[in-house]
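All chains are named by letter (A, B, ...) in the order of the sequence lines, taking the proteins before the strands, and each is independently numbered beginning at 1.
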Amino acid sequence: MTTAAPAATTRASAPNRPADVIFKAVSTTAGVLILIALAGVAIFLVAQAVPAIIGPLPDDDSFWAWVWPLTFGTLWSAFLAMVMAVPMAIAIALFITHFAPRRLASILGYAIDLLAAIPSVIYGLWGIAVLAPFMQPAYAWLAENLGWIPLFSPPASGTGRTILTAAIVLAVMVLPIITALCREIFLQTPRLNEEASLALGATRWEMIRMAVLPHGRSGIIASSILGLGRALGETMAVAMVLASAGAVTFVVVGSQNPSTIAANIALRFPEAHGITVNMLIGSGLVLFAITLLVNAISRWIIAKTTVDGGR
Amino acid sequence: MSKRIEINDLDVYYGAFKAVEGVSLEIEPRSVTAFIGPSGCGKSTVLRTINRMHEVIAGAYVDGEILLDGANLYGSGVDPVNVRRQIGMVFQRPNPFPTMTIRENVLAGVLLNNRRMSKGDQDDLVERSLRGANLWNEVKDRLGIPGSGLSGGQQQRLCIARAIAVSPDVLLMDEPCSALDPISTLAIEDLIEELKQEYTIVIVTHNMQQASRVSDKTAFFNIAGTGKPGKLIEYDETTRIFSNPSVQSTEDYVSGRFG
Amino acid sequence: MSKRIEINDLDVYYGAFKAVEGVSLEIEPRSVTAFIGPSGCGKSTVLRTINRMHEVIAGAYVDGEILLDGANLYGSGVDPVNVRRQIGMVFQRPNPFPTMTIRENVLAGVLLNNRRMSKGDQDDLVERSLRGANLWNEVKDRLGIPGSGLSGGQQQRLCIARAIAVSPDVLLMDEPCSALDPISTLAIEDLIEELKQEYTIVIVTHNMQQASRVSDKTAFFNIAGTGKPGKLIEYDETTRIFSNPSVQSTEDYVSGRFG
Amino acid sequence: ANESGADEAAPEGSQAAGSSLSGDLAGAGASSMGAAQEAWIAGFQTENPDVNVTYDPAGSGAGREQFIAGGVSFAGSDAYLKDEELEGEFGACVPDTLPVDLPVYISPIAVIFNVEGVDSLNMDASTIAKIFSGQITSWDDPAIAEQNEGVELPATPIQPVHRSDDSGTTENFTEYLAATAAADWTEGVFETWPSSVYSTSEGAQGTSGVVDAVSNGTGTIGYADASRAGDLGTVALKVGEEYVPFTADAAAAAVDASPRVEGRHEGDIAVELDRTTTEAGVYPLVLISYAIACSEYQDAEAGELVKAYLSYVASEEGQAAGQENAGNAPISDELRDEILAVVDSIQ
Amino acid sequence: MTTTISAPRQAQNPLTAGQLPRWSPWATLLAALLVGAAVAGLIAGASGAQFSIVTTAVIGFVLYLVAITVVSQLIEGGRKATDRFVTGLVTGAFLLALIPLVSLVVTVVANGLARFDLEFFTYSMRNVVGEGGGVLHAIVGTLLVTLWAAIISVPVGIFTAIYLVEYGKGKLAKAITFFVDVMTGIPSIVAGLFAYALFALFFGEGVRSGIGGAVALSLLMIPTVVRSTEEMLKLVPNDLREASLALGVPKWLTIAKVVLPTALAGIVTGVTLAVARVIGETAPLLIIAGFTTNMNYNVFDGRMMTLPVFAYNQYVSPGVQEQAYFDRAWAAALILILIVMILNIVARLIAHFFAPKAGR
Ligand SMILES: Nc1ncnc2c1ncn2[C@@H]1O[C@H](COP(=O)(O)OP(=O)(O)OP(=O)(O)O)[C@@H](O)[C@H]1O
Ligand SMILES: Nc1ncnc2c1ncn2[C@@H]1O[C@H](COP(=O)(O)OP(=O)(O)OP(=O)(O)O)[C@@H](O)[C@H]1O
Ligand SMILES: [Mg+2]
Ligand SMILES: [Mg+2]
Ligand SMILES: O=P([O-])([O-])[O-]
């Protein structure tokens with residue numbers, strides 16, 4: 001509601017107090033500072049990326065041909081991770097808010113939160129030492145018995161360090177982020193609506209479907225986007241766990257896996273020099289653009305799907 | 001459709017706190033019963049125990065029994081979901097589902113039980129319920145807009161339509177008009193008058209004029225002080241409660257000497 | 001200390017929506033004035049314009065003037081912060097600051113404004129204000145506990161103590177008892193009776209008994225329907241409003257025929 | 001607790017009291033040298049308690065880059081400075097002087113594998129090339145079996161593992177295969193395993209990644225700095241008619257048997273490794289890492305520190321310390337003398 | 001509650017249409033798990049492999065879901081069956097999520113305890129070769145770098161949140177909200193590269209310092225601080241703002257003295273989460289904070305070791321005595337997790353003491 005006020009009214013006549021002005025200015029500056037920092041990052045990325053984009057590159061490839069497999073791997077691994085993490089996170093958040101006994105719920109919630117605090121290197125170590133060997137037999141089985149499904153085309157990796165393993169690690173890493181937010185959102189479902197559905201004789205699940213999920217829809221999207229941002233940008237864990245080959249393939253159990261942009265930077269940067277540095281930072285720019293796009297799209301979706309609550 | 005309710009020596013607790021003590025009363029079918037009393041005396045609490053909605057609040061439980069045509073709501077093996085389907089409820093603040101259209105709101109409860117209702121039957125039911133809630137004429141041309149797009153009074157009637165669409169036996173209303181303007185209030189009071197032909201109605205109200213206008217019998221609750229349990233002080237014909245109550249505090253309350 | 005208020009042809013808008021139209025009335029010093037009327041008629045809205053608290057709501061603005069002993073509150077160069085220091089306000093729900101003790105709550109007006117005051121003066125002020133709010137005896141031994149540890153009625157009196165601690169000229173109260181039990185309500189009503197010796201008091205209430213018990217004059221507001229602006233229908237001595245009002249709708253309202 | 005000057009870890013007979021050196025010295029570069037540098041730094045700092053040396057094992061490329069930019073005073077690198085690099089400026093050096101490459105770290109590269117019940121295997125270069133290029137896919141392949149009579153080889157598929165990051169180890173490994181088994185290894189020498197070729201092999205990050213992948217997988221084979229072979233099975237390479245397992249001496253011998261790169265500037269010691277040698281007792285799959293330093297520093301103090309540090313590194317004591325901690329092969333005395341002569345000339 | 005009359009009454013009580021007894025889900029679960037174990041045993045027997053708990057759990061869980069749904073469908077009807085199915089599913093999802101958590105914690109603790117000794121907490125790695133040594137320098141580094149990251153990002157984050165909640169309405173606020181979300185997606189390594197480029201601009205190539213690491217971490221931390229603080233400020237009831245304003249308190253003092261203290265507990269929790277988010281970052285610190293075995297208390301000068309970089313390095317380039325390096329790596333990881341836990345506990349204590357006291 002930003003209707004222009006009739007001219008003759010006394011809307012804003014108060015003299016501004018200096019302290020108020022300063023406080024507001026400080027707050028505004030802080031916000032603007034964030035924009036400046038982000039602009040700084042963007043400028044840095046663009047400036048470094050330009051030489052790589054206009055080429056020429058060592059292998060005569062175009063920059064885009066070089067970055068495409070990495071982009072694919074980034075999106076594919078993040079997609080796999082989200083496919084696992086989002087339903088899980090929603091289920092866990094529901095469990096904590098609506099199913100578990102209350103006392104237990106807060107402790108369990110804390111335990112899940114703790115996952116967010118574990119450093120990515122440790123996820124990497126765990127992925128190599130525990131998860132990959134654990135998953136390897138399953139991959140072998142899948143490749144052997146369900147190999148006709150393109151996802152599971154043999155041969156299976158002998159070490160289990162496939163994109164699916166990396167995606168599982170990513171899923172575990174983003175799970176607490178999404179769960180924590182969904183939990184807050186589900187807790188804020190208007191009691192009135194929950195009670196309305198229960199009073200109509202809804203079971204617990206029906207109540208969740210009628211009141212909790214519709215109310216939380218935009219929040220679920222928003223939290224998933226936050227999680228997705230982490231999954232897209234995760235560096236160390238993926239670099240350590242994934243047997244990357246820069247392939248463009250949907251097979252999730254094999255030795256030849258796509259690499260991701262962030263992990264590739266970590267792998268290549270130490271030995272990079274000259275134009276390769278520009279290429280790597282250029283790929284960082286692509287990742288940045290993806291994040292920007294994903295956020296914009298999610299906002300658009302949220303704006304479209306949110307029914308305006310007011311009168 | 002409508003049924004008789006019998007409350008026997010009911011205590012209600014919120015955790016360790018006893019909110020209501022020793023309530024016993026009988027409510028006849030096809031009648032309107034008003035619960036009145038000062039704030040915090042337990043009117044809402046007792047009302048919610050009638051369809052086991054208090055169980056939604058963590059730690060709340062009852063001691064005593066409530067019979068619906070002789071069947072104990074708190075008997076072993078009774079499913080609260082069944083209870084609530086037979087005893088509908090309308091809340092103080094209108095609470096249509098914000099993501100649903102008017103039509104979907106009315107059908108919300110029905111579709112739970114009967115997924116495969118034909119389009120025609122659905123249309124019938126929507127019309128019947130909205131007519132029953134005196135809302136049909138105002139919304140018939142825009143059944144597809146979100147329920148939250150209506151005015152407060154219309155929303156409240158939408159909630160009533162939603163509640164009667166599942167054909168309950170009893171309708172509980174917790175201060176259904178307290179958030180509404182006078183015109184909407186009158187519309188709802190008229191509606192209660194009509195609904196009484198088919199349903200047993202229990203209404204909580206802060207407004208004594210409203211109680212005297214709409215109810216056949218009135219129950220007066222009171223509380224001795226903060227932290228004490230609320231009690232049923234007097235239950236009688238509405239005319240008697242307002243003209244010649246037998247307890248002094250009822251007299252004080254209805255005559256406006258306190259509360 | 002107390003001052004006279006004069007409202008001249010006041011319109012209040014929430015953005016494009018005109019919530020109140022053409023209100024004019026005069027309030028004498030050292031008197032209690034009650035605003036009554038059905039929900040949504042603009043009682044709270046008008047009350048908040050008296051200390052410019054409506055400005056806190058984005059998009060709200062007024063047209064018209066309000067004079068405090070002849071000085072226009074909306075004159076150019078008037079600082080709303082100063083206005084609010086002279087015209088205190090008590091809200092519907094008790095809202096002590098949860099992070100502060102009882103003592104700090106009473107001193108909030110002083111402490112929050114970074115004003116320096118000696119320990120002795122502070123003690124004096126706390127005692128004076130709490131006595132003024134009839135709360136001293138109940139809390140004098142536990143001034144250090146959080147304000148939210150009190151019962152609802154005590155909290156509300158604490159809020160009144162907080163309001164009078166800054167020595168305002170006028171005290172505005174928006175349904176100060178509607179969340180309280182009857183005993184607390186009576187305590188607050190007694191308090192209003194006493195405060196009237198020193199302050200000009202304006203109180204909004206839904207409870208007509210309360211209005212007739214505490215106020216000297218009563219203003220009745222009404223609204224033609226949802227979306228229409230509220231209007232001042234009648235303003236007169238309380239006894240007259242309740243016994244022999246000159247407008248039919250006032251009569252209908254106070255006799256309980258609607259609302 | 002070990003930070004204070006008087007150090008309990010100081011070996012007896014140290015000249016700590018006599019040292020007059022002080023200051024900070026920063027180096028960066030090859031991760032292969034990381035563990036050796038740790039030992040050298042510890043030994044050097046013990047002798048010179050007032051000196052702080054850091055070595056950031058960020059990678060050879062990063063090390064050279066930082067050295068060129070003047071961010072560090074010396075670099076560690078799996079490769080000597082390229083000609084085009086020599087044409088540029090060096091941040092820390094006096095303009096128009098050239099830096100020197102000193103081969104201070106020699107280490108065998110082991111071909112490691114994980115096959116149950118097998119500790120060591122004999123292979124010729126062509127077999128290794130075929131395995132890593134995907135032409136041999138099962139452990140019981142006759143090509144392996146006939147070189148290993150009496151060893152029970154299972155029918156498990158072979159899972160080769162390579163370095164997924166840019167690596168000097170990969171470069172040396174592929175150089176060996178390209179030189180000795182060109183027919184089976186057609187992709188030549190590379191530092192980064194290309195994604196388009198030999199795609200049966202699986203990438204892993206860093207030496208540790210390869211070692212982990214090999215030890216946690218089944219039927220795996222990989223290559224890594226020999227010090228990290230641990231309990232894994234290792235391959236003895238066919239040199240001439242013999243199968244030579246890796247040893248420090250065999251690796252050092254490989255360097256001694258190799259000629260110098262031609263056309264380098266004075267003081268630079270760049271070794272052209274001879275992979276095809278048939279000399280007895282030589283293990284030709286070795287990696288050389290160079291210390292790169294200015295011949296003349298802009299900052300004389302830095303020059304002094306580098307000089308002292310590199311003298312220690314090349315000394316018998318330093319090389320022994322390196323071997324103990326990092327498992328590298330100590331340089332031979334002739335090489336040492338050569339290096340020390342260059343170090344002495346650093347200003 | 002008397003059993004004697006409940007039977008006849010149940011027969012006539014129309015409200016008691018088919019219900020499963022309370023114990024039935026547990027009984028079903030037990031039965032399902034037993035069947036699962038039997039099947040897993042058979043598979044193990046047939047293939048000669050080891051008995052698999054995983055197979056047992058998977059088969060048991062699926063069986064349970066099917067059984068409870070079918071039984072409920074028959075006795076209680078479709079709606080109840082769906083409810084039970086979803087309950088099973090949701091609970092299962094939760095338990096599944098606990099598995100990696102437990103596995104991670106167990107792995108870290110089991111491996112980390114080997115070097116959890118006094119020396120580890122009191123020594124740096126200066127002059128340490130092979131076994132022994134400690135991480136005091138890395139602990140100090142991590143604490144300092146993170147502290148500085150917090151010093152940079154907490155004020156910026158909180159003031160931004162204040163702007164968004166208390167002042168911002170227009171395009172700028174929208175832009176900030178949007179870009180804060182975008183910022184959460186900056187890959188940590190890019191943050192490190194950016195911080196390096198920024199510092200190299202002023203201090204020349206090869207610059208390494210703790211403060212650079214702090215700047216990189218701030219970039220990652222700020223969005224989390226903004227988001228959580230924003231939510232907390234929104235939760236402060238408007239009542240309180242109005243109460244303060246009505247006392248004639250200017251807006252800025254209302255925010256500073258009423259709104260912030262009320263939200264303090266939540267803000268502290270949010271900041272802790274943000275710290276936890278960055279304290280384990282490796283990639284940016286590798287680039288800008290550098291690597292050293294020595295103690296360094298000065299964030300503005302010289303390389304600074306941090307726990308994640310230490311753990312990573314010990315793992316990546318161990319010497320001959322591998323195990324000593326790996327033990328140190330895991331122990332460092334364990335310390336990192338402990339630091340985060342302690343931070344959490346402290347935050348909870350703060351939250352507990354500063355949280356608005358609940359009424360009555
Ligand atoms: N969820 C709850 N948890 C704990 N106590 C509660 C809860 N709801 C109500 N109470 C307490 O139970 C008592 C009765 O409350 P109830 O809401 O039934 O009163 P009421 O008569 O409906 O009042 P009102 O007119 O204000 O609606 C009060 O003391 C109240 O504080
Ligand atoms: N913040 C707001 N924004 C927009 N409209 C508002 C706002 N607050 C109140 N209104 C509208 O202004 C009108 C008057 O509201 P007000 O709250 O003053 O009524 P009231 O008489 O105090 O009612 P009640 O007895 O329910 O407190 C109503 O139509 C209401 O919807
Ligand atoms: Mg109530
Ligand atoms: Mg109001
Ligand atoms: O020593 P590298 O890491 O380059 O193999």
How long is the span from the CD atom in A/Gln188 to the CD atom in E/Glu231, to the nearest 0.5 Å?
7.0 Å
Which atoms of E/Tyr312 are under 4.5 Å from chain A, going by heavy atoms: the side chain, the backbone, both sets, or neither?
both
Given a strict heavy-atom distance threshold of 4.5 Å, which part of E/Leu193 is in contact with chain A: side chain, backbone, both, or neither?
both
Under a 4.5 Å heavy-atom cut-off, does chain A meet the side chain of E/Leu198, its backbone, both or neither?
neither
Please rank A/Phe269, A/Phe95, A/Phe134 by heavy-atom pairs under 4.5 Å with chain E and give me the top one.
A/Phe95
Heavy-atom distances under 4.5 Å only: say whether E/Val275 touches chain A with side chain, backbone, both or neither.
neither
Taking side chain as everything from C-beta outward and backbone as N, CA, C, O, which of these in A/Arg299 sits under 4.5 Å from a heavy atom of chain E? Side chain, backbone, both or neither.
side chain
Given a strict heavy-atom distance threshold of 4.5 Å, which part of A/Val294 is in contact with chain E: side chain, backbone, both, or neither?
neither
Does the side chain of E/Glu166 come within less than 4.5 Å of E/Thr254's, by heavy atoms?
no
Non-neighbouring partners of E/Arg328 that pass salt bridge (Lys or Arg N to Asp or Glu O under 4.0 Å), sequence neighbours left out
none
Select all residues of residues 173-181 of chain E having any heavy atom within less than 4.5 Å of some heavy atom of chain A, and report them by number, or 'none'.
E/Ala175, E/Ile176, E/Thr177, E/Phe178, E/Phe179, E/Val180, E/Asp181
Which region of A/Ala180, side chain (C-beta onward) or backbone (N, CA, C, O), has a non-hydrogen atom less than 4.5 Å from a non-hydrogen atom of chain E, or is it both or neither?
neither
Heavy atoms, side chains only, cut-off 4.5 Å: are A/Ile208 and A/Phe99 in contact?
yes
Region of A/Ile128 in contact with chain E, defined by heavy-atom distances below 4.5 Å:
side chain
Mind checking whether E/Ile162 and E/Val259 have side chains closer than 4.5 Å, heavy atoms only?
no
Given heavy-atom pairs under 4.5 angstrom as the criterion, report whether the side chain, backbone, both or neither of E/Leu164 touches chain A.
neither
Could you go through A/Tyr123 and A/Glu234, starting from their C-alpha distance and side-chain angles, then the distance that decides it, and tell me whether this counts as side chain to side chain contact (heavy atoms under 4.5 Å, CB included)?
CA-CA 11 Å; A/Tyr123 276 106; A/Glu234 177 50 41; over 6 Å; no
Identify which part of A/Ile168 has an atom lying under 4.5 Å from any heavy atom of chain E, answering side chain, backbone, both or neither.
neither
Which portion of A/Leu38 sits near chain E, non-hydrogen atoms under 4.5 angstrom:
side chain
Counting only non-hydrogen atoms closer than 4.5 Å, does A/Leu33 touch chain E with its backbone (N, CA, C, O), its side chain (CB onward), both, or neither?
side chain
Check whether E/Arg84 gets within reach of chain A through its side chain, its backbone, both or neither, counting any heavy atom under 4.5 Å.
neither
By a 4.5 Å heavy-atom criterion (distance strictly below it), what part of A/Ile261 contacts chain E: side chain, backbone, both, or neither?
neither
Report the C-alpha distance between E/Phe159 and A/Phe23 in whole Å, list the side-chain angles of each, state the deciding distance to 0.1 Å, and finish with yes or no for ring-ring contact (aromatic ring centres under 6.0 Å, His included).
CA-CA 9 Å; E/Phe159 272 109; A/Phe23 196 79; 5.8 Å; yes
Would you mind checking which part of E/Leu343 comes under 4.5 Å of any heavy atom in chain A, side chain (CB onward), backbone (N, CA, C, O), both or neither?
neither
Which portion of A/Val41 sits near chain E, non-hydrogen atoms under 4.5 angstrom:
both
Is it the backbone or the side chain of E/Val108 that comes under 4.5 Å from a heavy atom of chain A, or both, or neither?
side chain
What part of E/Ser103 lies closer than 4.5 angstrom to a heavy atom of chain A: side chain, backbone, both or neither?
both
Which answer fits E/Phe194, side chain, backbone, both or neither, if we ask what part of it has an atom under 4.5 Å from a heavy atom of chain A?
both
Answer with side chain, backbone, both or neither: which region of E/Leu235 has an atom nearer than 4.5 Å to a non-hydrogen atom of chain A?
side chain
Between E/Ile337 and chain A, with a heavy-atom cut-off of 4.5 Å, which part of the residue counts as in contact: side chain, backbone, both or neither?
side chain
With only heavy atoms counted, which part of A/Ile281 is less than 4.5 Å from chain E, the side chain, the backbone, both or neither?
side chain
